[in-house]
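Below is one structure, written out as structure tokens, with a few remarks after it.
Just so you know, these numbers use all the heavy atoms, side chains as well, and skip hydrogens, waters and symmetry mates. Quick caveat, the model's predicted, so the values are computed rather than measured.
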Amino acid sequence: MLDGQTNLEWQANPNYAVSDLVRKRPEKYSPLGLHAGMPICTQFEQNPEAFRFVPEPATYASYWETFFP
């Protein structure tokens, strides 16, 4: 939730396990074949095979093992 300024207020959902808010810079998804600075829809139109990690996550298991969103 925004507090009216530029800060976030973390409100945990009691239906889920306890967690913390993690602030970090955006990831570079080049290992998945995605490129910064280009709209994701355009990337999909130009190369739909680059998005195989969505319906087939097991294909990219080694990437997901170390992925931290």
Side-chain angles (χ1 to χ4, degrees):
M1 264 185 124
L2 291 177
D3 66 2
Q5 302 295 315
T6 58
N7 297 314
L8 293 174
E9 176 187 331
W10 177 246
Q11 292 184 345
N13 184 331
N15 295 311
Y16 292 90
V18 176
S19 64
D20 294 317
L21 174 65
V22 176
R23 290 183 176 195
K24 66 182 203 69
R25 301 202 64 75
E27 289 288 326
K28 293 187 174 156
Y29 296 104
S30 53
L32 295 175
L34 304 180
H35 307 286
M38 180 187 291
I40 199 146
C41 292
T42 302
Q43 294 184 60
F44 181 77
E45 289 172 344
Q46 293 178 354
N47 185 12
E49 286 301 308
F51 292 82
R52 297 303 311 161
F53 67 90
V54 176
E56 299 173 11
T59 305
Y60 295 84
S62 62
Y63 179 79
W64 298 122
E65 287 174 3
T66 59
F67 179 75
F68 184 73

| said: Give me the atom names and distance for the closest heavy-atom approach of Lys28 to Tyr63. | reply: O-OH, 4.3 Å
| query | Parallel, tilted or perpendicular: which fits the ring planes of Phe51 and Phe44, with parallel below 30° and perpendicular above 60°? | reply | perpendicular
| If you measure from OG1 on Thr42 to NE2 on His35, what distance do you get to the nearest 0.5 Å? | 12.0 Å
| Should the ring pair Tyr60 and Phe53 be called parallel, tilted or perpendicular, given that the plane angle runs from 0 to 90° and is split at 30 and 60? | perpendicular
| query | Taking all atoms of both residues into account, what is the closest heavy-atom pair of Met38 and Gln43, and its distance? | reply | O-NE2, 2.8 Å
| remark: Heavy-atom closest pair (Ala50 atom, Gly33 atom, distance to 0.1 Å) is CB-O, 4.2 Å
| task | For the pair Trp10 (side chain) and Val22 (backbone), establish whether a donor and an acceptor sit closer than 3.5 Å, ignoring hydrogens and angles. | result | no
| field | Least distance between heavy atoms, Lys24 atom then Glu27 atom | value | NZ-OE2, 2.6 Å
